[in-house]
Amino acid sequence: MAILLASTDFWEDMEVWSSGLQDAMPEMDVRVYPDEGDVNDIEYAVVWKHPRGILTRYPNLKAILSLGAGVDHVISDPELPDGLPIVRLVDKKLTHEMILHSLHWVLHFHSDQYLYRIQQQSREWIQQSSVQSEDRTIGIMGLGNIGKAIGDSLINLDFKVIGWGASPKSSLGAIEYYYAQEQLSGFLSQTDILINVLPLTENTKDILTKSELSYLPKGSFIINIGRGGIINENDLLSILDTGHIAAAALDVFAEEPLPENNSLWNHPSVYVTPHIAGQSNPSSAAKTIAENIRLLEKGQDPYPIYSLNSGY
Ligand code: OXD
């Protein structure tokens with residue numbers, strides 16, 4: 001029995017992933033693509049942006065597991081073997097990283113750090129009047145495990161948190177929830193700082209274009225740690241130019257790496273980070289992946305499985 005690790009992105013980390021998985025599953029033979037050995041041995045593929053088409057090479061493949069939270073990098077492969085479970089990664093450490101990243105930017109915008117930076121450049125000593133956290137509404141799009149955990153940590157800091165998702169949800173505690181297209185404008189119009197955690201699906205692609213972004217109040221902020229394709233980048237640039245949105249912290253982009261000639265790089269109100277908001281932690285993620293493989297081996301469902309219906 002063998003596990004194949006395949007990525008076009010994490011090459012320098014593959015040794016770490018491979019030894020992490022090997023430690024978590026000593027009974028398995030862990031191989032790193034392209035050193036796949038006998039293709040008949042491969043039963044599980046653990047992937048991050050794997051080379052397109054390779055997964056059809058393994059006749060005994062039982063499941064595909066993502067090395068990251070999203071699976072759009074898996075399902076975008078036009079040559080995917082039919083009918084195999086695709087398993088997303090929900091890992092405590094990854095969620096924790098995403099919480100810290102979100103808190104960093106919420107506090108940066110909330111406490112006017114972006115303005116003090118500009119003021120310093122022209123040696124201006126202006127004390128901005130501070131807003132209390134309970135008077136600031138953070139709107140989170142995408143209230144799965146990660147979005148909910150980010151929301152709870154902001155509630156602990158006394159922010160008002162509202163959320164939006166495609167379908168109804170319960171058990172969201174103090175997070176006021178909006179759902180479906182009809183409630184999107186009502187949600188956006190109350191949001192001072194928008195955090196996007198939505199996965200990219202057919203339904204979420206370009207869900208935020210100029211008209212939706214205009215519902216955000218003047219002077220609001222955007223933090224995108226979900227997927228780039230969710231916010232139309234040209235529309236974002238033009239609404240940033242008008243000053244309606246004060247600043248955006250973007251970790252994900254429609255095309256990654258962000259092309260050198262993309263105007264987001266040098267827009268004065270944009271902060272670019274290279275998709276680092278929730279880097280998977282090999283030692284903890286390898287254990288989570290190993291637990292899921294063990295469940296599959298026992299004929300039980302791993303968690304969470306990608307659903308074709310919901311698109312994530
Ligand atoms: C992702 C990740 O899916 O970084 O984007 O885990």
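Positions are given from 1 along the sequence. Ligands are counted one by one from 1 in listed order, and the atoms in each one are counted from 1 as well.
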In terms of atom number and element, which parts of ligand 1 are under 4.0 angstrom from non-hydrogen atoms of [X]?
X: G68; value: 3 (O), 6 (O)
X: G278; value: 4 (O), 6 (O)
X: W48; value: 1 (C), 2 (C), 3 (O), 5 (O)

Among all protein heavy atoms, pick the one closest to [atom] and tell me residue, atom and distance.
atom: atom 3 (O) of ligand 1; answer: G70 N, 2.6 Å
atom: atom 4 (O) of ligand 1; answer: H275 NE2, 3.3 Å
atom: atom 6 (O) of ligand 1; answer: A69 N, 2.7 Å

S133 side chain to D135 side chain, donor-acceptor N/O pair below 3.5 angstrom: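 Short answer, no.
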Could you report the tightest heavy-atom contact between L295 and D301, atom names first, then the distance?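 Closest approach of L295 to D301, heavy atoms only: CD1-O, 3.6 Å.
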Mind checking the CG-OG1 spacing from D192 to T137? Nearest 0.5 Å is all I need.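 The CG atom of D192 sits 5.0 Å away from the OG1 atom of T137.
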CZ on R52 to NE2 on H73, rounded to 0.5 Å: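 The CZ atom of R52 is 8.5 Å from NE2 of H73, to the nearest 0.5 Å.
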At a 4.0 Å cut-off, with the gap strictly under it, does some heavy atom of H73 reach an atom of ligand 1?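 In this structure, H73 fails to qualify as a contact of ligand 1 - no heavy atom is under 4.0 Å.
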Contact between ligand 1 and R227 is defined here as a heavy atom of the residue under 4.0 Å from a ligand atom; is it met?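 Per 4.0 Å heavy-atom rule, R227 contacts ligand 1.
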Treating Ile, Leu, Val, Met, Phe, Trp and Tyr as nodes and any side-chain heavy-atom pair under 4.5 angstrom as an edge, say whether L103 and I193 lie in one connected cluster.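 L103 and I193: one cluster.
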pair L4-E43: side-chain heavy atoms closer than 4.5 Å: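 Contact flag for L4/E43 side chains = no.
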